[in-house]
Amino acid sequence: MDSVFAAIVQAPEDPILGVTVAYNKDQSPVKLNLGVGAYRTEEGKPLVLNVVRKAEQFLVNDQSRVKEYLPILGLAEFNKLSAKLILGDDSPAIQENRVATAQCLSGTGSLRVGAEFLAKHYHERTIYVPQPSWGNHLKVFTMAGLSVKTYSYYDPETRGLNFQGLLEDLGAAPAGAIVLLHACAHNPTGVDPTVEQWEQIRQLIRSKGLLPFFDSAYQGFASGSLDADAQPVRMFVADGGECFIAQSYAKNMGLYGERVGALSIVCKAADVAGRVESQLKLVIRPMYSNPPIHGASIASTILKNSDMYNEWKIELKAMADRIISMRKQLFDALTAKGTPGDWSHIIKQIGMFTFTGLNSDQVAFMTKEYHIYMTSDGRISMAGLSSSTVPHLADAIHAAVTRAS
Amino acid sequence: MASSVLSSASLSFHGIHKGKSNLGGINKGKIDTFIKSKCFGRISMVAASNVSRFEGITMAPPDPILGVSEAFKADNHELKLNLGVGAYRTEELQPYVLNVVKKADKLLLEKGENREYLPIEGLAAFNKVTAELLFGADNPVMKQQRVATVQGLSGTGSLRLAAALIERYFPGAKVLISAPTWGNHKNIFNDAGVPWSEYRYYDPKTVGLDFEGMIADIKAAPEGSFILLHGCAHNPTGIDPTPEQWEIIADVIQEKNHVPFFDIAYQGFASGSLDADASSVRMFVARGMEVIAAQSYSKNLGLYAERIGAINVVCSSPEAAARVKSQLKRIARPMYSNPPVHGARIVANIVGDSTLFSEWNAEMEMMAGRIKNVRHKLFDNLSSKDKSGKDWSFVLKQIGMFSFTGLNKAQCDNMTNKWHVYMTKDGRISLAGLSLAKCEYLADAIIDSYHNVS
């Protein structure tokens, strides 16, 4: 019998998550997964934070807990605490009730809901995304009904920020266009603007009436400080203007698979925020009705309990510090080997990822000969490295760079 | 700080002024009126820049189903009764976390497994047991690997994945939904961009199934339409086809090369038996038909807030199933990347352990049993208190969590305004929210509304 689904072709593996699929198939004992951005310990194991286990024990012990549907916008307490985390406890925007927040499915879900809302209610349907950006951004925004353009961001020559290009491209954007900004620890490059550069970006965006949409997936993970990593977002909110913020707790609380995140829309007026909230529900209800309770309850428990909050900060800083240490070790190893090229970007870049500057041929070589798994754009997840595996990676990079092409 | 605000405001004012439609359709009318009515001074510059770009957004109405609970909460009357959303309540009208779920939660905490991202298609162990639960573990389609199963965000999320697949690969194809059906179905297909139309289902004269109308409408639909069927315990009516009627429905669907698309949110909850409640789906599959089936564990495992369900597509070959699964993944990735792990592990642990599975079956029989008891009591009260001779037996014949009372909107308003009984305006009451103790009160309310309000 001919299938009704005969016309459906095999979709390719997702380029990022597909790396782990390929890694899993490899039998080599020296294989290294530097693909997806998931933190690993020095022993190369996934980490469940102690404070997360504590929070879960607390929740399980609470006999009054039920599993009733959350409201469409999610756990109210989580939403308030999440907004405070990114905007600051004393944020006037929060005090003035100008922030509409919806618990969503981690960063992806927050971006998608925000984009669907914009496609439905905003007159400008173009979103400007940095070049390069997280691989899933293009699909998320396109599926939501927005059209995607890029703005200059990464300079391959300096392996740093192409600031002039960024200003030019955003300067040429139509007034009101949406601009995606990585709040900190740019993915995949690890290249962030300086505070001074952020201020210039802010002025340009405000002067053109562009709408900033922050993707905040690494708050606390970049520098080790939650407040420092929130500075760019807070600068924008301090000027009284509007913005969208997608938050993820996948990395900073290690809650990856629980899918915990929030979308906050900072509006100019409280009554606007109220109406925006009501319309967000209409986007969410036909997508999944209401969000999952487990992860948000864990996050909420941690955020509202000052002892747990402090424990979290300590564990978070430890993760961030280990990554910074891996950067230094890799840089030192390449320097010691005399690998041709300037590798200082490894220690200048920030966050989970390093944009090595390796091309796709070199990446393919490293995978084939050294069983190093990474995305073909040359991005490596520092979180997947340990002191014992740095030498193997350094060997692989050295071989890839020095081989005759 | 103040001067930079003004300078950016004056720049944006020029932006507004230069290009007439710079602020687009939503705000344009307001800004134009504003500019015409004020002088072009500093005040107008600052004020214009203080207008939100979302000023034109209107307040959305509350969700017709979920909004009922909100209204109920706001009511302080001591006799108030919430028969709105389909969430199971105990006789004491308290939410219920199944004992077997509490056990599973503790077990998970003890196991201390990691929280890594699931694959896009979800937890493999869950996908395996959920398909087995629905189709039967020894169903040939399982062995032949002809089922594409992807973990979804409960029923809603699973339906949405299938809807997006239909939109992408069957452009122009229609989904036929029953009249009436769960209120959120049309929203899902609308947002997914899938056209839909209705097939007759509920007959208000008999408070039963309009079978002839249903068959006629399915026959009349363009070939290759998707027919949305409730596997058991139809929501909102509680009226299910008989096994004989299911066979005829399958005949017609096969004749017209339609695709049967099952929504199974109450497996085990309708009759108390997981297998019995899956018989309609299994019959279609046994005929060799390709079938789409969305599952939810919200009600039968009480996992409402964990958002755990699955979309299954039974294909004619394992190759087709693999391709379909890959495309479902492609739809999920830009929506939420990968599904939440917790609920999936609970289901996998319970269904995968024979002791826990038996315990589950027992608790489910208990829940379904309580609802059957409540139906009987309500029927008894209605029959004895209503002197008009109206036939209330539909309350007994309907199955599952809901009863379609046949009350119209005005009568439903009376139920709420006079009697503080909260229900959806289509006349649906959730028996899961009714206790034996409150049956008499409810009977009074229904009788009053039916006879005294038009």
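Throughout, a chain's letter reflects where its sequence line sits, starting with A, and its residues are numbered from 1. Quick note: numbers below take in every heavy atom, side chains included, and nothing from hydrogens, waters or symmetry partners.
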query = Which bit of A:Pro71 comes within less than 4.5 Å of chain B, counting heavy atoms only: side chain, backbone, both or neither?
reply = neither

message = Counting heavy-atom pairs closer than 4.5 Å to chain B, which one of A:Thr142, A:Val283, A:Val9 comes out on top?
response = A:Val9

inquiry  = Report which part of B:Glu319 has an atom under 4.5 Å of a heavy atom belonging to chain A: side chain, backbone, both, or neither.
reply    = neither

inquiry  = Less than 4.5 Å apart, side chain to side chain, heavy atoms only: is that true for A:Gln279 and B:Thr58?
reply    = yes

request  = Please state whether the side chain, the backbone, both or neither of A:Ala273 comes within less than 4.5 Å of a heavy atom of chain B.
outcome  = neither

ask   = Checking B:Tyr169 against chain A: side chain, backbone, both or neither under 4.5 Å from a heavy atom?
value = side chain

request  = Let me know if A:Leu75 has heavy atoms under 4.5 Å from chain B in its side chain, its backbone, both or neither.
outcome  = neither

query = At a heavy-atom separation under 4.5 Å, does A:Ile298 approach chain B through its side chain, its backbone, both, or neither?
reply = side chain

query = Do any N or O atoms from the side chain of A:Glu242 and from the backbone of B:Arg53 form a donor-acceptor pair under 3.5 angstrom?
reply = yes

key: Parallel, tilted or perpendicular: rings of B:Tyr304 and A:Tyr69 (30°, 60°)   = perpendicular

request  = Examine whether an atom of B:Lys329 lies under 4.5 Å from a heavy atom of chain A, and if so say whether it belongs to the side chain, the backbone or both; otherwise answer neither.
outcome  = side chain

key: Most chain A-contacting option - heavy-atom pairs closer than 4.5 Å, from B:Asn187, B:Leu123, B:Leu161, B:Val101   = B:Asn187

message = With ring-ring contact (aromatic ring centres under 6.0 Å, His included) as the criterion, how do A:Tyr288 and B:Tyr336 come out once you've worked through the C-alpha distance, each side chain's angles and the decisive distance to 0.1 Å?
response = CA-CA 10 Å; A:Tyr288 52 84; B:Tyr336 50 82; 7.6 Å; no

inquiry  = Please classify the contact of A:Val260 with chain B as side chain, backbone, both or neither, using a heavy-atom distance under 4.5 Å.
reply    = neither

ask   = Looking at A:Gly295, A:Ser106, A:Pro174, A:Pro291, which makes the most heavy-atom pairs under 4.5 Å with chain B?
value = A:Pro291

Side chain / backbone / both / neither for B:Phe189 at chain A, heavy atoms under 4.5 Å = neither

ask   = Just wondering, do B:Asn184 and A:Arg285 contact through their side chains at under 4.5 Å, heavy atoms?
value = yes

request  = Taking only Lys NZ, Arg NE, NH1 and NH2, and the carboxylate oxygens of Asp or Glu, determine whether B:Asp105 and A:Arg65 approach each other closer than 4.0 Å.
outcome  = no

note = Turns out that what part of A:Met287 lies under 4.5 Å from chain B's heavy atoms comes down to both

key: Proximity breakdown for B:Ala322 and chain A, heavy-atom pairs closer than 4.5 Å   = both

query = Could B:Glu116 and A:Lys45 be called an ion pair, given the rule that one side-chain N must be under 4.0 Å from one carboxylate O?
reply = no

message = Can you confirm whether more than 12 heavy atoms, excluding those of A:Lys139, are under 6.0 Å from its NZ atom?
response = yes

remark   = Note: vs chain B, highest number of non-hydrogen pairs under 4.5 angstrom among A:Leu211, A:Val60, A:Val21, A:Leu282 is A:Leu211

message = Between A:Glu56 and B:Arg115, does any side-chain N to carboxylate O distance fall below 4.0 Å?
response = yes

request  = Name the member of B:Tyr96, B:Tyr88, B:Phe170 that forms the most heavy-atom pairs with chain A at distances under 4.5 Å.
outcome  = B:Phe170

key: Contact check, side chains of A:Lys281 and B:Asp63, non-hydrogen atoms, under 4.5 Å   = no

ask   = Taking all atoms of both residues into account, what is the closest heavy-atom pair of A:Ser3 and B:Ser316, and its distance?
value = CB-OG, 3.1 Å

task = Answer yes or no: is there an ion pair linking B:Arg333 with A:Glu13, defined by an N-O contact shorter than 4.0 Å?
result = no

query = Hey, what do you get for CG (A:Leu280) to CD1 (B:Ile57), rounding to the nearest 0.5 Å?
reply = 8.5 Å

Close side-chain approach of A:Gln63 and B:Val97, heavy atoms under 4.5 Å = no

query = Taking C-beta and beyond as the side chain, do A:Pro292 and B:His342 meet within less than 4.5 Å on heavy atoms?
reply = no

ask   = Would you say the side chain of B:Pro334 lies within less than 4.5 Å of the side chain of A:Arg112, judging by non-hydrogen atoms?
value = yes

key: Atom pair CG/CZ of B:Leu165 and A:Phe5 - distance to nearest 0.5 Å   = 7.0 Å

query = Taking all atoms of both residues into account, what is the closest heavy-atom pair of B:Arg323 and A:Ala6, and its distance?
reply = NH1-O, 3.5 Å

ask   = Hey, are the side chains of A:His294 and B:Pro340 touching, using non-hydrogen atoms and a 4.5 Å cut-off?
value = no

ask   = Checking side chain to side chain donor-acceptor pair (under 3.5 Å) for the pair A:Arg259/B:Asn338: CA distance, chi angles, key distance, verdict?
value = CA-CA 8 Å; A:Arg259 318 311 291 130; B:Asn338 38 71; 3.0 Å; yes

key: A:Phe58 atom CZ, neighbour heavy-atom count above 12 within 6.0 Å   = no

ask   = Where does B:Ile346 contact chain A at under 4.5 Å (heavy atoms): side chain, backbone, both or neither?
value = side chain

task = Decide side chain to side chain contact (heavy atoms under 4.5 Å, CB included) for A:Met143 and B:Met335; before the verdict, give the C-alpha distance in whole Å, the side-chain angles of both, and the deciding distance to 0.1 Å.
result = CA-CA 8 Å; A:Met143 288 299 297; B:Met335 211 184 272; over 6 Å; no

request  = Using a cut-off of under 4.5 Å on heavy-atom pairs, state which of B:Ser326, B:Pro61, B:Pro339 scores highest against chain A.
outcome  = B:Ser326

query = Is there side-chain contact between A:Arg275 and B:Glu55, with at least one heavy-atom pair below 4.5 Å?
reply = yes

task = Give the ring-plane orientation class for B:Phe54 versus A:Phe244, where under 30° counts as parallel, over 60° as perpendicular and anything between as tilted.
result = tilted

request  = May I ask you to check whether A:Asn290 and B:Arg307 show a side-chain donor-acceptor distance below 3.5 Å?
outcome  = yes

query = Using non-hydrogen atoms only, which part of A:Arg40 is less than 4.5 Å away from chain B: side chain, backbone, both, or neither?
reply = side chain

ask   = Heavy-atom distance under 4.5 Å to chain A: side chain of B:Ile120, backbone, both or neither?
value = side chain

note = Exactly one candidate in B:Leu153, B:Ile65, B:Thr156 meets side-chain contact (heavy atoms from CB on, under 4.5 Å) with A:Ser289; the answer is B:Thr156

remark   = Checking B:Val324, B:Asn257, B:Val313, B:Val259 against A:Val4 for side-chain contact (heavy atoms from CB on, under 4.5 Å), the one that qualifies is B:Val259

request  = Select one option (side chain, backbone, both, neither) describing which atoms of B:Asp191 are under 4.5 Å from chain A's heavy atoms.
outcome  = side chain

message = Which atoms of A:Val48 are under 4.5 Å from chain B, going by heavy atoms: the side chain, the backbone, both sets, or neither?
response = side chain

